[in-house]
Amino acid sequence: MTDTLAPAAPALHPPFGGTPLAELRRRIRGRVAVPIDPDWDAQRAAWALAVDQRPAIIVRAADADDVGTAVRFAVAHRLRVAAQGTGHNAAPLGDLRGTMLLRTDLMRAVEIDPVRMRARVQAGAVWQEVTDAAGAHGLAALAGSSPDVGVVGYTLGGGVSWLARSHGLASTSVTAVDLVTADGQLRHVDERTDPELLWALRGGGGAFGVVTAMEFRLYPLVTVHAGAMFWPVDRAADVMHAWRDWTVDLPASVMSSARVLRFPPFDEIPEPLRGGSFVIVEAVLQDPPAVADALLSELRRLGPAMDTFAPTPLPALGALHMDPPGPVAAIGDGTLVRDLDDAAIDAFLRVVATPRGAALMSAEFRVLGGALAVGSDEASAATGLDGRYLMFGVGATPTREAASAVRVALDALLGEIDPWRSAADTPNFTESPTAAQRLFGDALGRLRAVKHRVDPHDVIRSNHELGRGPGREPRTQQEARS
Ligand SMILES: Cc1cc2nc3c(=O)[nH]c(=O)nc-3n(C[C@H](O)[C@H](O)[C@H](O)COP(=O)(O)OP(=O)(O)OC[C@H]3O[C@@H](n4cnc5c(N)ncnc54)[C@H](O)[C@@H]3O)c2cc1C
């Protein structure tokens with residue numbers, strides 16, 4: 001734990017009294033933690049260690065029954081409920097006073113049905129667990145770049161995978177969801193039982209209930225051509241401009257990112273990367289090697305110092321983006337970009353490739369379009385992403401000073417790119433509180449109507465809230481009067 005996460009002052013008595021708490025502990029098969037517990041700080045830490053979470057109580061559910069018990073307890077004690085898989089995107093949650101943090105990290109079962117090409121995963125599963133299990137059957141899941149991002153949180157927020165330009169957002173592949181709604185009931189949601197709630201859960205975020213399991217489509221794909229090319233960071237301008245040109249007519253079979261990455265000087269990072277700064281193009285091509293090599297030749301003409309492209313089994317893609325393998329103290333933020341002209345690339349580099357961006361470990365663009373275009377899937381709340389590119393920056397925050405420097409650099413980056421920003425953003429790459437209209441766009445009214453139906457008292461908190469819907473019922477008499 002870092003010094004940005006100071007120990008919480010222990011509360012002498014849980015606000016709900018000893019007897020109900022003892023009863024909750026007796027009934028929960030997982031774990032209940034309250035601020036007076038000796039390991040409270042470990043229990044409340046999110047994957048994003050820079051986030052200082054101080055809920056009223058934590059329940060780590062062992063199964064769907066635990067989730068139901070916990071939600072009913074929360075409602076009875078006028079607590080709200082925030083579900084959390086890993087805490088990768090805990091930052092926008094904000095103040096957790098009066099909230100139960102309902103962690104699902106103990107619920108990890110992954111089942112693959114190779115005949116129906118479906119995965120069914122419990123709410124705490126992380127992507128590498130699914131890509132490994134699916135890969136054993138020659139199947140691919142729409143996993144993101146990071147091996148330990150939670151499948152459920154990622155998918156509720158859309159989910160931009162290495163296969164996204166051909167297969168769309170991961171949320172569009174969801175076929176069924178089990179969730180406990182604010183009334184404490186476990187519902188199985190699919191096209192037959194509740195198509196409108198299924199629509200909302202396909203990219204509309206985590207505001208509708210606590211998901212206990214999710215089922216989604218897998219795709220028959222064993223190997224892709226994947227890798228990265230590295231150049232010294234002083235080549236950033238010509239590489240980034242060339243990458244942008246390369247992406248303009250890129251087939252939907254290719255997904256790619258271009259980034260400036262500063263490797264920390266840690267022993268576990270191999271030479272020649274340790275402590276070095278690079279401009280890096282990563283790509284995944286669902287094409288035969290000869291076709292992939294022809295496509296990549298335009299980038300190879302720039303003479304990369306290192307080139308790792310090779311036939312790659314799908315589960316190995318978890319290592320491609322070099323995301324941290326475990327919890328880190330870091331702050332990140334991102335946005336969708338309408339398009340990248342020369343001036344936009346130059347604006348990005350004015351921060352990222354200069355001392356203004358020195359606090360950023362990584363700043364990248366990912367190319368969108370193809371099956372990610374808005375309107376690609378009308379059966380989902382998130383029909384696509386409203387931009388040709390996605391931008392994301394992140395920096396390590398081992399100290400308060402480092403955290404301030406990262407925030408300043410991120411604000412500078414977002415400020416420079418502002419003229420090219422889309423009117424929309426996407427929940428997964430937005431790590432600061434953001435207006436619901438930006439994140440959910442035209443779907444927002446319909447999402448609020450679903451929320452009002454399944455959670456009229458707004459018990460369930462999502463990291464990106466939907467805001468006031470049509471006639472939300474007051475939660476307390478005091479609120480009703482105000
Ligand atoms: C290193 C890194 C790499 C990433 N790479 C990608 C990428 O390639 N593509 C991409 O799309 N995104 C990516 N992301 C973003 C990631 O998808 C989001 O941070 C996502 O919200 C993480 O989900 P989680 O469950 O791990 O995190 P959490 O913080 O646990 O969950 C985020 C939110 O999801 C909801 N939620 C989680 N579990 C439940 C549940 N059981 N029931 C109801 N709601 C729930 C809640 O609203 C919660 O606040 C990356 C993030 C990081 C830090």
Side-chain angles (χ1 to χ4, degrees), residues 46-51 53 61 64 67 70-71 80-94 96 99 101-107 121-127 142-164 168-171 177-182 200-201 203-214 255 257 282 284 317-318 320-334 361-362 364 366 368 372 382 385 390 392-394 396 426-431 433 439 455 460-466:
W47 184 96
L49 292 172
V51 183
Q53 311 195 100
V67 173
V71 169
R80 295 187 75 197
V81 176
Q84 189 162 82
T86 66
H88 270 79
N89 201 354
L93 264 173
L96 289 180
T99 297
L101 189 63
L102 215 175
R103 306 194 87 158
T104 59
D105 60 307
L106 302 178
M107 298 169 62
V121 308
Q122 279 190 319
V126 301
W127 270 122
L142 300 185
S145 60
S146 168
D148 71 344
V149 155
V151 174
V152 165
Y154 163 100
T155 308
L156 290 170
V160 181
S161 72
W162 284 119
L163 310 179
L169 288 170
S171 50
V177 177
D178 289 354
L179 87 166
V180 172
T181 39
L201 292 164
F208 305 96
V210 179
V211 173
T212 60
M214 194 175 251
M255 181 70 185
S257 73
E282 293 155 4
V284 170
L317 291 183
L320 175 59
H321 200 247
M322 298 171 279
D323 286 333
V328 289
I331 304 176
D333 219 348
M361 196 162 66
S362 169
E364 69 178 291
R366 296 187 191 189
L368 305 177
L372 289 170
L385 297 179
L390 180 160
F392 188 77
V394 62
T426 181
N428 280 6
F429 289 91
T430 302
E431 297 195 359
L439 297 174
D455 183 14
I460 307 296
R461 286 183 69 170
S462 178
N463 58 351
H464 294 295
E465 304 244 38
L466 297 172

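For ligands, and for the atoms within them, numbers begin at 1 and follow the listed sequence. Only heavy atoms go into these numbers, but all of them, side chains included; no hydrogens, no water, no symmetry mates.
In this structure, the side chains of T212 and V180 come closer than 4.5 Å at one or more pairs of heavy atoms. Using a 4.5 Å heavy-atom cutoff, the side chains of F429 and V160 are in contact. Taking the side chain as every heavy atom from C-beta outward, R366 and S145 approach each other to under 4.5 Å. Contact of the Q53 side chain with the Q84 side chain is registered, since non-hydrogen atoms from C-beta on lie closer than 4.5 Å. Considering only heavy atoms from C-beta on, L156 comes within 4.5 Å of L201 through its side chain. Contact of the F208 side chain with the I460 side chain is not registered, since no non-hydrogen atoms from C-beta on lie closer than 4.5 Å. Residues V121 and W127 fail the side-chain proximity criterion, which asks for heavy atoms closer than 4.5 Å.
With respect to atom 6 (C) of ligand 1, the closest heavy atom belonging to the protein is F429 CZ, 3.7 Å. Residue, atom and distance of the protein heavy atom nearest to atom 29 (O) of ligand 1 are N89 N, 3.0 Å. In terms of protein heavy-atom proximity, atom 51 (C) of ligand 1 is nearest to V149 CG2, 3.9 Å. Annotation: atom 24 (P) of ligand 1 to nearest protein heavy atom, T86 OG1, 3.4 Å. Nearest protein heavy-atom contact of atom 40 (C) of ligand 1 is A83 CB, 3.6 Å. Residue, atom and distance of the protein heavy atom nearest to atom 43 (C) of ligand 1 are G209 O, 3.3 Å. Here the heavy atom of the protein found nearest to atom 32 (C) of ligand 1 is N463 ND2, 3.5 Å. Looking at atom 25 (O) of ligand 1, its nearest protein heavy atom turns out to be G153 CA, 3.4 Å.
The closest heavy-atom contact to atom 1 (C) of ligand 1, among the options N428, V394, D148, D323, comes from D323. Selection from L156, T155, V211, L179 by nearest heavy atom to atom 44 (N) of ligand 1 gives L156.
On a distance-only criterion, T104 and ligand 1 share no N/O pair closer than 3.5 Å. Checked against a 3.5 angstrom limit, the closest N/O atoms of L93 and ligand 1 fall outside it.
A heavy-atom separation below 4.0 Å is not found between G157 and ligand 1. Residue-ligand proximity: H464 is placed with every non-hydrogen atom at 4.0 Å or more from ligand 1. Proximity of W47 to ligand 1 is established by a heavy-atom distance of less than 4.0 Å.
Taking a cut-off of under 4.0 Å to the non-hydrogen atoms of A123, the atoms of ligand 1 that pass are 41 (N). Each of the atoms 29 (O) of ligand 1 lies under 4.0 Å from some heavy atom of A90. If you number the atoms of ligand 1 from 1 as listed, the ones under 4.0 Å from a heavy atom of G206 come out as 44 (N), 47 (O). Residue V210 approaches ligand 1 through these ligand atoms, each under 4.0 Å from one of its heavy atoms: 42 (N). Ligand-side atoms of ligand 1 in range of Q84: 30 (O), range being under 4.0 angstrom from any heavy atom. When each atom of ligand 1 is checked for a heavy atom of G144 under 4.0 Å away, the hits are 7 (C), 8 (O). Those atoms of ligand 1 that come under 4.0 Å of a heavy atom in G87, given as number and element, are 27 (O), 28 (P), 29 (O), 30 (O). The atoms of ligand 1 that sit less than 4.0 Å from any heavy atom of S462 are 47 (O).
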*asked:* Using side-chain contact (heavy atoms from CB on, under 4.5 Å), reason through M107 and V67 one step at a time and then give a plain yes or no.
replied: CA-CA 10 Å; M107 298 169 62; V67 173; 4.2 Å; yes
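Between L93 and A82, the shortest heavy-atom contact is CD2-CB, 4.1 Å. A pairwise comparison of heavy atoms in A382 and G203 identifies CB-CA, 3.8 Å as the closest pair.
A side-chain contact (heavy atoms from CB on, under 4.5 Å) with V210 is found for one member of T181, L179, V81 and no other, namely V81.
Listed by chain and residue number, R120, D178 satisfy the side chain to side chain contact (heavy atoms under 4.5 Å, CB included) test with A213 (two or more places apart in sequence, or in another chain).
Looking at R103 against ligand 1, nothing comes within 4.0 Å, counting heavy atoms.
Taking the six-membered ring where tryptophan is involved, the planes of H88 and W47 are essentially parallel, since the angle between them stays under 30° and well short of 60°.
Of the possible donor and acceptor atoms, one in the side chain of N89 sits under 3.5 Å from a partner among the backbone N and O of T430.
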